[in-house]
Visitor: 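My structure is below; once you've seen it, I'll send some questions.
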Amino acid sequence: LIGEYLKANVPAVVDFNVVKGFLNLVLNERVWVDLFEKIYSNPSLGQLSSNGQKVMVEYSSPNTNKPLHLGHLRNNFLGYSVAEILKANGYEVVKANLVNDRGIHICKSMVAYRHFAQGETPESAGIKGDHLAGKYYVLFDQEYKKQIKALVAEGQSEEEAKKNAPILLEAQEMLRKWEAGDKETVSLWKMMNSWVYAGFDATYQKMGVDFDKFYYESDTYLLGKDIVEEGLAKGVFFKKENGSVWVDLTDEGLDEKLVLRGDGTSVYITQDMGTADLKYKDFGLDKSVYVVGNEQDYHFDVLFKIMRKLGRPYGPGLYHLSYGMVDLPTGKMKSREGTVVDADDLMQEMIDTAEQHTKELGKIEGFSVEQAKELYEILGLGALKYFLLKVDPKKRMLFNPQESIEFQGYTGPFVQYSHARIAAILRKADQLGVNYQESQFSGITALAESETALIQILNDFERKIKLAGEDYSPAVMAQYLFELAKEYNRFYAEVPIFHEKDQEILKFRVALSALTAKTIKKGMSLLGILVPDRM
RNA sequence: GGUCCUGUAGCUCAACUGGAUAGAGCAACUGCCUUCUAAGCAGUAGGUUUCAGGUUCGAGUCCUGACAGGAUCACCA
């Protein structure tokens with residue numbers, strides 16, 4: 001309403017913020033109540049109308065030789081949340097996962113398994129399949145290092161030894177066999193991958209993320225060679241004497257970049273070109289968002305420039321959502337050095353901490369065992385997701401395992417708590433038969449400052465959804481929800497609800513609470529976070 | 001060495017894309033549970049926005065340089 005008033009009455013371009021303070025003085029309660037009723041009666045709160053565009057959000061992209069870690073948590077939560085935010089902005093969204101299920105790193109796990117496992121399975125070992133594969137990946141590395149040491153002792157240089165270690169040669173041989181379709185190798189590969197997928201499924205379920213479409217590199221790694229031919233024909237690529245094919249991006253400020261090896265085999269970017277075409281063929285996308293860490297900025301810069309040079313219709317819609325790494329106080333996570341924070345472990349730790357907090361606060365009476373368990377998951381994962389999403393995705397962030405993730409202040413549980421409080425109020429309203437849904441609030445003549453402030457923030461919800469969508473930033477939504485919850489808590493502390501004698505005002509305050517709860521619930525769902533009715 | 005990203009309170013992060021007195025949370029300190037959930041609320045203290053210049057009526061934000069941290073620059077993925 002304020003915006004419309006300004007458009008109609010203020011001729012020049014005026015900064016909204018400058019005018020807002022002035023309006024606060026001038027606007028009477030009538031306007032605030034009207035504004036509230038307008039939002040309150042909107043049945044599609046938080047869902048903008050369709051814009052007719054289709055977008056793919058690709059995230060997760062795990063390697064099938066080891067379990068998911070903290071970095072994957074940020075990636076998955078980000079990707080899932082961005083997908084939800086784009087849906088709310090009126091896009092049709094396809095959530096995709098490009099699984100890296102082939103290559104030398106998987107062969108390493110397979111070789112080590114063959115040497116050391118003695119037929120061990122996830123069932124017999126009692127560990128998840130992805131952790132089992134990870135175990136043998138680590139064993140490979142230990143054995144590899146041992147062999148290098150031995151070779152160096154025999155007089156080889158370190159560099160030679162790294163190339164000649166028998167177990168590495170074995171892994172390379174296994175990759176050749178896999179590519180040739182060797183039966184025994186392929187069947188071992190299938191068996192181990194099936195274990196890993198079972199493990200991933202469990203982790204994804206715990207994380208609360210899902211996918212509409214899986215792509216597997218074992219299916220796509222040969223794609224893209226036809227595009228190389230096309231690029232040569234179009235003069236976008238050129239061939240060197242040894243037969244290797246390159247693209248010249250010096251006019252775009254980049255270098256020359258290889259797109260096909262001299263022996264005619266693919267490199268990383270060859271298959272990414274092919275996969276880009278495949279996605280478009282499958283879905284006819286207007287936009288494609290790649291949620292990938294910023295270490296691959298250069299790669300995607302090159303990829304997108306190539307596809308645009310080739311005149312792909314989807315070229316302008318390609319976007320790399322480049323997020324920063326999660327660092328530990330000791331530096332970067334390295335799987336081989338055992339400094340990785342495991343996704344399953346961390347989630348369980350958060351759930352346990354939630355349980356501990358809840359019990360300390362004595363807030364567990366009246367819960368069944370199942371309900372309590374569900375609550376701990378909602379709170380633990382809510383804290384974790386909020387922690388990872390409240391920071392600007394582009395920035396790298398610090399995670400200190402020594403300091404536990406907070407449950408107080410600017411956190412997920414803070415927002416969840418506000419929702420639970422309101423849910424209690426709504427239960428009481430129902431109990432007392434307060435009919436707040438159908439009320440017209442025309443009788444309201446006085447509003448507390450915290451009430452007008454709350455209405456202002458509620459009015460901002462859709463604007464924030466748009467902003468979060470334009471910036472691909474769940475952090476915008478996380479911040480908004482914190483401010484909303486904070487403002488509600490102030491209202492809650494300062495203004496009585498059921499002790500109010502005027503029935504119209506009482507109903508209005510319940511309705512204001514109900515709208516706040518609805519907004520929190522919807523907003524948190526855009527972050528992939530659930531909200532409890534009691535906590 | 002080239003390119004890119006980052007540098008804001010003791011710590012972790014904001015600042016609506018160039019606007020008015022740079023805001024939150026944590027940590028510290030002071031109040032508030034005999035009224036709807038204290039995982040909360042109100043308050044105190046904490047800043048030369050890494051440094052030096054420049055553009056502008058106005059700069060944390062834009063430009064140049066320095067310093068510090070990170071990423072990347074494979075016929076790896």
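Naming: A, B, ... by sequence-line order, numbering from 1 per chain.
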Visitor: Picking from B:rC36, B:rA77, B:rG40, which would you name as closest to the side chain of A:Glu217?
Guide: B:rA77
Visitor: Could you check whether A:Asp392 gets within reach of a base, just the sugar-phosphate, or nothing at all, counting any heavy atom under 4.0 Å?
Guide: sugar-phosphate
Visitor: Sticking with atom C1', work out how far B:rU8 lies from B:rU44, rounded to a whole angstrom.
Guide: 22 Å
Visitor: Under a 3.5 Å threshold, yes or no: a donor from one side chain and an acceptor from the other, between A:Asn294 and A:Arg396?
Guide: no
Visitor: With syn defined as a glycosidic torsion within 90 degrees of 0 and anti otherwise, which applies to B:rU55?
Guide: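 Anti, which is what one calls it when the glycosidic angle falls more than 90° from 0.
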Visitor: Find which nucleotide of RNA chain B each of A:Ala493 and A:Ile269 is nearest to by heavy atoms, and output the residue with the more 5' nucleotide.
Guide: A:Ala493
Visitor: Can you tell me the distance, in whole Å, between the CZ atom of A:Arg421 and the P atom of B:rC41?
Guide: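 Spelled out: CZ on A:Arg421 to P on B:rC41 is 7 Å.
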Visitor: Are side-chain N/O atoms of A:Asp301 and A:His320 paired as donor and acceptor at under 3.5 Å?
Guide: no
Visitor: Please give, in whole Å, the distance from B:rU12 C1' to A:Tyr386 OH?
Guide: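 In whole Å, B:rU12 C1' lies 14 Å from A:Tyr386 OH.
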Visitor: With no hydrogens and no angle check, do the side chains of A:Asn75 and A:Tyr323 hold a donor and an acceptor under 3.5 Å apart?
Guide: yes
Visitor: Here's one to test your reading of the geometry: is the NZ or CZ of A:Lys239 within 45 degrees of the ring axis of A:Trp246 and under 6.0 Å from its centre?
Guide: no
Visitor: Tell me if the centroids of the rings in A:Phe407 and A:Phe414 come within less than 6.0 Å of each other.
Guide: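 That pair fails the under 6.0 Å test.
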Visitor: Measure from the side chain of A:Lys395, starting at C-beta and using heavy atoms only, and say which of B:rA38, B:rG7, B:rC26 lies closest.
Guide: B:rG7
Visitor: So that I can compare with my own list, what are the stems of RNA chain B, taken as at least three consecutive Watson-Crick or G-U pairs with distances under 3.5 Å?
Guide: B:1-7 with B:67-73, B:10-13 with B:23-26, B:28-32 with B:40-44, B:50-54 with B:62-66
Visitor: Taking any heavy-atom pair under 4.0 Å as a contact, classify A:Asp471: base, sugar-phosphate, or nothing.
Guide: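 Touches a base.
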Visitor: On the ring face of A:Phe482, is A:Lys390 found with NZ or CZ under 6.0 Å from the centre and within 45° of the axis?
Guide: no
Visitor: Base, sugar-phosphate alone, or nothing: which one does A:Asp297 contact when heavy atoms must sit under 4.0 Å apart?
Guide: nothing
Visitor: Say you pick atom C1' in B:rG46 and the same atom in B:rC76; how far apart are they, in whole Å?
Guide: 49 Å
Visitor: Toward the 5' end of RNA chain B, which comes first, A:Thr411 or A:Leu375, by nearest nucleotide?
Guide: A:Thr411
Visitor: Using the C1' atom as the reference point in each nucleotide, state the distance between B:rA52 and B:rG19 in Å, no decimals.
Guide: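 Their C1' atoms lie roughly 25 Å apart.
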Visitor: For A:Gly262, answer base if it contacts any base atom (sugar-phosphate contacts may also be present), sugar-phosphate if it contacts only those atoms, and nothing otherwise; contact means non-hydrogen atoms under 4.0 Å.
Guide: base
Visitor: Would you say the side chain of A:Lys394 and the base of B:rU6 hold a donor-acceptor pair, judged only by whether the two atoms sit under 3.5 Å apart?
Guide: no
Visitor: Looking at A:Glu449 and A:Arg490, does any basic side-chain N land under 4.0 Å from a carboxylate oxygen?
Guide: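 Answer for the salt bridge query: yes.
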Visitor: Check whether any side-chain nitrogen or oxygen of A:Tyr268 sits under 4.0 Å from OP1 or OP2 of B:rA77, and answer yes or no.
Guide: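 No, no such contact exists.
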Visitor: Counting only side-chain nitrogens and oxygens, does A:Lys486 get under 4.0 Å of the OP1 or OP2 atom of B:rG25?
Guide: yes
Visitor: A:Ile457 CD1 to B:rC16 P: how many Å, rounded?
Guide: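 Rounding to the nearest Å, CD1 of A:Ile457 and P of B:rC16 are 17 Å apart.
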Visitor: Checking all strands, does A:Leu467 fall into the base, sugar-phosphate, or nothing category for heavy-atom contacts under 4.0 angstrom?
Guide: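 Answer is nothing: A:Leu467 stays at 4.0 Å or more from every strand.
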Visitor: Whole angstroms only, please: what is the CD1-P distance between A:Ile405 and B:rC26?
Guide: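 Distance, rounded to whole Å: 16 Å.
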Visitor: Apply the syn/anti split at 90° from 0 to B:rC57 and say which one it is.
Guide: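 Anti conformation for B:rC57.
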Visitor: Over 60° means perpendicular and under 30° means parallel, so classify the ring planes of A:Trp178 and A:Trp189, tilted if in between.
Guide: perpendicular
Visitor: Heavy atoms only, 4.0 Å cut-off, all strands: where does A:Asp533 land among base, sugar-phosphate and nothing?
Guide: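 Base contact - A:Asp533 has a heavy atom under 4.0 Å of at least one base atom.
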Visitor: In whole angstrom, give the distance that lies between atom CG of A:Asn489 and atom P of B:rA38.
Guide: 10 Å
Visitor: Side-chain N or O of A:Lys428 less than 4.0 angstrom from OP1 or OP2 on B:rU37?
Guide: no
Visitor: Starting at CE of A:Met397 and ending at C1' of B:rG7, how long is that distance when rounded to a whole Å?
Guide: 17 Å
Visitor: Base, sugar-phosphate or nothing for A:Phe498? Non-hydrogen atoms, less than 4.0 Å.
Guide: base
Visitor: Could you check whether A:Glu179 pairs with A:Arg102 (Lys NZ or Arg NE/NH1/NH2 to Asp/Glu carboxylate O, under 4.0 Å)?
Guide: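 Answer for the salt bridge query: yes.
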Visitor: So, OP1 or OP2 of B:rC76: does either fall under 4.0 Å of a side-chain N or O from A:Arg261?
Guide: yes
Visitor: Expressed as a whole number of Å, how far does the C1' atom of B:rU6 sit from that of B:rG60?
Guide: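 Approximately 14 Å lies between the C1' atom of B:rU6 and that of B:rG60.
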Visitor: Does A:Arg490 have a side-chain nitrogen or oxygen under 4.0 Å from the phosphate oxygens OP1 or OP2 of B:rG43?
Guide: no
Visitor: How is A:Val495 classified with respect to the nucleic acid when contacts are heavy atoms under 4.0 Å: base, sugar-phosphate, or nothing?
Guide: base
Visitor: Among the nucleotides B:rC13, B:rG25, B:rG40, which one has an atom lying closest to any side-chain atom of A:Tyr417?
Guide: B:rG40
Visitor: With C1' as the reference atom in both, quote the distance from B:rC36 to B:rC41 in angstrom, rounded to an integer.
Guide: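 Taking atom C1' in both B:rC36 and B:rC41, they lie 14 Å apart.
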Visitor: In whole angstrom, give the distance that lies between atom CD1 of A:Ile106 and atom P of B:rC76.
Guide: 17 Å
Visitor: Ignoring the backbone of A:Tyr298, work out which of B:rA39, B:rG40, B:rU72 is nearest its side chain.
Guide: B:rU72
Visitor: Expressed as a whole number of Å, how far does the C1' atom of B:rG25 sit from that of B:rA9?
Guide: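 The answer is 12 Å between these two C1' atoms.
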Visitor: Do A:His105 and A:Tyr137 make the cut of ring centroids closer than 6.0 angstrom?
Guide: no
Visitor: A:Tyr492 OH to B:rA42 P: how many Å, rounded?
Guide: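 Rounded to whole Å, this separation is 14 Å.
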Visitor: When we call it a touch if two heavy atoms are under 4.0 Å apart, what does A:Ile497 touch: a base, just sugar-phosphate, or nothing?
Guide: base
Visitor: Between the base of B:rA39 and the side chain of A:Thr358, is one N or O donor paired with an acceptor at under 3.5 angstrom?
Guide: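 Flag set: donor-acceptor pair detected.
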Visitor: Mind checking the C1' distance from B:rG10 to B:rC29? Whole angstroms is fine.
Guide: 15 Å
Visitor: Do the ring planes of A:Tyr216 and A:Phe214 sit parallel (below 30°), tilted (30 to 60°) or perpendicular (above 60°)?
Guide: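 Ring orientation of A:Tyr216 relative to A:Phe214: parallel.
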Visitor: Base, sugar-phosphate, or nothing for A:Asp327, non-hydrogen atoms under 4.0 angstrom?
Guide: nothing
Visitor: Using the P atoms only, state how far B:rC5 lies from B:rC62, rounded to an integer number of Å.
Guide: 10 Å
